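Report on the following structure.
Computed from a predicted structure; not experimentally measured.
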Amino acid sequence: MKKFINDPDAVVDEMVDGFLYAHGDRIRRLAEARTLVRADAPVKGKVGIVTGGGSGHKPSFIGYIGKGMLDAVAVGEIFTSPPPGAVYEAIKATDGGKGVLLLLGNYAGDVMNFDMAAELARGDGIEVEQSIATDDVGSGFKDDKSKRRGVVGEFLIWKMTGAMAERGESLSEVKRIADKVNQNTRTMGVAISPCTVPAAGKPTFTLADDEMEVGVGHHGEPGLRREKLKPVDEIVDMLCAEVISDLPFKAGDEVVTLINGLGATPQLELYIANRRLFKNVTDKGIRVYRALVGEFFTALEMAGFSITLCRLDDELKELLDAEAYTPYFTQAGR
Amino acid sequence: MKKFINDPDAVVDEMVDGFLYAHGDRIRRLAEARTLVRADAPVKGKVGIVTGGGSGHKPSFIGYIGKGMLDAVAVGEIFTSPPPGAVYEAIKATDGGKGVLLLLGNYAGDVMNFDMAAELARGDGIEVEQSIATDDVGSGFKDDKSKRRGVVGEFLIWKMTGAMAERGESLSEVKRIADKVNQNTRTMGVAISPCTVPAAGKPTFTLADDEMEVGVGHHGEPGLRREKLKPVDEIVDMLCAEVISDLPFKAGDEVVTLINGLGATPQLELYIANRRLFKNVTDKGIRVYRALVGEFFTALEMAGFSITLCRLDDELKELLDAEAYTPYFTQAGR
Amino acid sequence: MGEMHMGNTGEVAKITSKDVLAAIYRMCDAVEENKGYLCELDAALGDGDHGVSMSKSFRAVRDKLPSLEGKDVGTILRAVGMALISTVGGAMGPLFGSAFLKAGERAAGKQEIGLDDIVDMFIAGEEAIVARGKAKVGDKTLLDTVHPAVEAIKEAKEEGLSISEALRRATGAAELGMKSTIDMIARVGRASRLGERTIGHQDPGATSAYIIIKAASMPYL
Amino acid sequence: MGEMHMGNTGEVAKITSKDVLAAIYRMCDAVEENKGYLCELDAALGDGDHGVSMSKSFRAVRDKLPSLEGKDVGTILRAVGMALISTVGGAMGPLFGSAFLKAGERAAGKQEIGLDDIVDMFIAGEEAIVARGKAKVGDKTLLDTVHPAVEAIKEAKEEGLSISEALRRATGAAELGMKSTIDMIARVGRASRLGERTIGHQDPGATSAYIIIKAASMPYL
Ligand SMILES: Nc1ncnc2c1ncn2[C@@H]1O[C@H](COP(=O)(O)OP(=O)(O)O)[C@@H](O)[C@H]1O
Ligand SMILES: Nc1ncnc2c1ncn2[C@@H]1O[C@H](COP(=O)(O)OP(=O)(O)O)[C@@H](O)[C@H]1O
Ligand SMILES: [Mg+2]
Ligand SMILES: [Mg+2]
Ligand SMILES: [Mg+2]
Ligand SMILES: [Mg+2]
């Protein structure tokens, strides 16, 4: 394991310190738990948007705390759901009187810990709702899509849900947007090299020099199958076929496309993939409203990428384009 | 070589296509050469800011095209200076009547190609000046710092020089800022794994499992020495010692610090490094005005990072904080 | 540490709060010893962190133990449960944490427990795991270890056996249960997405449940 | 292609524009063959791309060649120079490009060149390289190949030797010059930052200059 770390068990605490040295003007840490919140939380008259999960996904989750996106993040150990207490403190710190929406990925640990936190907060009389992301086509379950993992689609959920909350809408309206984005979003990824959880010290999987894992999860979970590595155009064609047919996306639809690098894959390669993604989508008569390319939700130093399509209507377009001010996604209106 | 590419010789052209599919609303390609410019170039009454260099450094250079930063970028092959024609077209496309400033790193190829372009443009009667970045302490030359490589310090030069140009200042004033930032900026980096130029097919260097290259260049050029890998705190201490003593930065100085990931190093690790950087700098009585952490100037999939310090005065602080709207650095005033 | 907290051996009729504390120390040691092994199991089925989460969780438990000397069984178990749900999270925090919290409720105020109490506590623990995780027996989770152990200890009580014999049976049943997960298809949790490819791999959560039950029962085996 | 463009062999007094075109084809082939080798040399001293840049540059040159059939020597060499500076850039574009452009100026309009012209062209090429790169002999660059070659061909002319003999001498001097870079410390370019660690490595630019001179002279050697 070749990493720039000190104590493998202290990586998350040390990372949080370093993060606050960089972004402490807009984000603060709660005293009660390892929970980071917008400096100005709670924002009165606004639904609080709380998320959280395991660490190692930078810029997710904490890189998206700020106006127009997230109010608070409960920070777990590497790839490990945060405990209920961290989520509970997040809820209390961000309730501006209109309730709090919990956004999470569909992982047993997150579901249970967020559930416990929601129970605690409801006990305090805070209105709490949840929306669980399930965008990963690579996790299978064609027959019961609610069982799928949530992956980088969560970024789109945060963006649009955060914009909805910023407008001062009600908790149920804000939750409606989170569910709507999730229902219209599909992702699938591939990996060509693994990542290593520092405290475990060993790569999560091994691949031969000419192999790729198709449908990989963003913690290195095995995907749908292993295949020989192919030219990226063929990989993108394959991912597009699975993603497009799943919703299905149809001619006349308008979408935001997203290519997410999983960590070690150079942006150069992501843009080469974007070139082919654009062709695939437009060839099907689907209109690309916006194309996002970059690292939005990584898996430590895994080499790989995913493609995401999210179907938009006028309501979602407006929310996607709304202002946002966070360390890793700033958009001053368009 | 495990990469998401098609033809190794076509990577840059395909990347540019994919980039324009994502950012074509604000950036366009010239017909005459592989040169990307702000959609609204030339901006009347503003000095044109032109840079360029080899590809493989994403988000540099093209990710910083936009209001408040760069007007045009001449796009070279991977790690290879662009030809004079691409720079010459960039100059012609961005001259808004106040002349054009060429910003480049101190590499023989870039210096010669930009020189040739400047000669051509001056022949057309366009006022052209140059400023050459030399921030890399890791390239040695304690006795003649003008011979050093330019590395991620270029990002800071683009930011502040771009802001100065946006104000409508004269070419000589804008050049003064570029030179001033360069004179006050020092960088040094380490790498623990190499990168592979697609057309070459082989890693640029090899390191043992417990080794790091100290002072590495951002094309994988050998640095000052090889050492055993150490805990990141010790690495940061070492880099800080070299960088701080070089200018030297002194108690009472105010600086912007920058930690730049070279490609495959997770942001988690960069923030752990930032924690220690902050301590080193403040222990010396130097004030951290802002701390930037992320990938600003990469070397394909190299694993490694660098630290940069840039001494600020009131003039530079204002320029650093000025608005910028580019694909990879957006700042809506602070 | 090991020696000091070994507790009683041989046939016993009562277990003291001191014995319980000793049992928790043994759990902490056993989890730490198996950290790497649990990660390996999880790498095949999930994200490879199970040993790390368990180890961090039980280190947090261990840190609490000195302050629990002399406390009653209920207090000790609830403190363990709180440490589990407060520190790390993961899937194990809520599952093991809820189990200890609920078991602790059944032993509230008791300085000594008999087999009746122990059976009650096992039942409460299993109920908590089901309530929290909504898994069923056969889903390839820690429930496949816990459920047969609870059934075995209930039977032992009905047959009027000693605590030692009852724990022996529970541990044996837990081991069989753990091994039974090898042939199962995961139906819940991260591994469920692998479907049939989970066959042939022992479930990490089922394994750590066995490690914990065995460590607790050790002196009585 | 190779066979077709071999040009004359043996002692010759004149070189036609057709011969020059053939020489350029040979250069393109030689650069392509040595692509990997040149990258390896550059990996030790620089950024490992020298072979790639040279190969891309000379592929661009090759693409221009069919349109140059029948053109005069000056036009051919200027077109080669333009292709070199227009396509890839790098350090080689301006250096080799300027050399061909300047050499081409000296042969403007000529369908045939003699040794006088060739010497003139060599001198112009070297001057262009110095003017562009500002390196000195001994700095461990392609100049350490080019300069001794130019000196040798000048001498050969003064001694009244044939074109073949002059090119033979120039190629021999170029080879020695290339090899002399092994013991040098790089003073300019990317490699200069390595200081003494550049000793023991042959300069990639000096190597490609030799490859080009040798390929041009091949039929006369
Ligand atoms: N809903 C559930 N009910 C019971 N046990 C579960 C459930 N979900 C997961 N598990 C258990 O969790 C174990 C994985 O734990 P761990 O690796 O620590 O968490 P994660 O999957 O979040 O990384 C599985 O082996 C399984 O036994
Ligand atoms: N100023 C210069 N003058 C002459 N030759 C130079 C100069 N700078 C570099 N070179 C030559 O360039 C070669 C490296 O070329 P190349 O690898 O293609 O460019 P880069 O260094 O930009 O990657 C060196 O081996 C050296 O011979
Ligand atoms: Mg996990
Ligand atoms: Mg180069
Ligand atoms: Mg796990
Ligand atoms: Mg080179």
Side-chain angles (χ1 to χ4, degrees), chain A residues 8-9 12 33-34 52-54 56 74-88 106-117 120 136 138-141 144 147-149 194-206 215 217-225 299, chain C residues 35-57 59-60 81-98 101 128-129 131-135 139-142 186-198 201 205:
Chain A
D9 285 322
V12 178
R34 195 165 64 196
V75 179
E77 288 298 302
I78 303 285
F79 293 177
T80 303
S81 172
V87 181
Y88 173 55
N106 192 22
Y107 300 92
D110 291 315
V111 170
M112 292 186 286
N113 286 296
F114 277 70
D115 264 347
M116 291 178 85
L120 289 168
D136 190 5
S139 41
F141 291 113
D144 184 359
K147 289 193 172 166
R148 288 174 169 172
R149 295 183 291 247
C195 58
T196 299
V197 175
K202 275 192 245 166
T204 46
F205 57 87
T206 46
H218 65 196
H219 310 91
E221 297 100 325
L224 297 174
R225 57 186 181 269
Chain C
K35 177 178 166 185
Y37 172 55
L38 293 171
C39 281
E40 272 167 42
L41 291 178
D42 194 32
L45 289 174
D47 56 354
D49 66 348
H50 187 66
V52 173
S53 307
M54 288 296 291
S55 150
K56 288 209 173 178
S57 301
R59 282 191 212 166
M82 279 309 293
L84 288 173
I85 69 162
S86 309
T87 329
V88 175
M92 290 304 104
L95 290 169
F96 282 122
S98 303
L101 284 173
I129 289 169
R132 190 87 272 155
K134 299 180 182 70
D139 282 355
K140 197 172 183 131
T141 71
L142 72 173
R187 301 279 177 210
V188 300
R190 205 181 288 278
S192 62
R193 281 109 193 188
L194 297 182
E196 308 218 326
R197 281 176 295 161
T198 57
H201 299 282

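- The heavy-atom pair separating C:Asp47 from A:Val197 by the smallest distance is O-CG2, 4.5 Å.
- Side-chain atoms of C:Arg59 and A:Asp9, non-hydrogen and from C-beta on, do get closer than 4.5 Å to each other.
- Of all the listed residues (C:Ser192, C:Gly48, C:Pro94, C:Ala91), the one sharing the greatest number of non-hydrogen pairs under 4.5 Å with chain A is C:Pro94.
- Heavy atoms of C:Ile85 lying under 4.5 Å from chain A belong to its backbone as well as its side chain.
- Interface check for chain C: of the options A:Arg34, A:Glu221, A:Arg148, the most heavy-atom pairs under 4.5 Å are formed by A:Glu221.
- Closest approach of A:Pro222 to C:Arg197, counting heavy atoms only: CB-NH1, 4.4 Å.
- If you measure heavy-atom distances from A:Phe141 to chain C, the contacts under 4.5 Å come from the side chain alone.
- C:Arg190 and A:Tyr107 make their closest contact through NH1-CD2, 3.3 Å (heavy atoms, listed as atom of the first residue, atom of the second, distance).
- Using a 4.5 Å heavy-atom threshold, the side chains of A:Glu77 and C:Val52 count as separate.
- A:Asp136 does not touch chain C: none of its heavy atoms, backbone or side chain, sits under 4.5 Å away.
- Both the backbone and the side chain of A:Asn106 come within less than 4.5 Å of a heavy atom in chain C.
- For a residue to count as touching a neighbouring chain, one of its non-hydrogen atoms must lie under 4.5 Å from one of that chain's; by this rule A:Arg149 touches chain C with backbone and side chain alike.
- When each of C:Ala43, C:Cys39, C:Gly46 is checked for heavy-atom pairs under 4.5 Å with chain A, C:Gly46 comes out on top.
- Side-chain contact check for C:Met92 versus A:Thr80: every heavy-atom pair is 4.5 Å or farther apart.
- Of the listed residues (A:Ala108, A:Gly140, A:Gly85, A:Ser139), the greatest number of heavy-atom pairs within a distance under 4.5 Å of chain C belongs to A:Ser139.
- No donor-acceptor pair under 3.5 Å is formed between the side chain of A:Lys202 and the backbone N or O of C:Glu40.
- Contacts with chain A were tallied for C:Ser86, C:Ala44, C:Gly97; C:Ser86 has the most, counting heavy-atom pairs under 4.5 Å.
- With a threshold of 4.5 angstrom between heavy atoms, C:Ser55 does not approach chain A through any atom at all.
- By the 4.5 Å heavy-atom criterion applied to side chains, A:Met116 and C:Ser98 are counted as neighbours.
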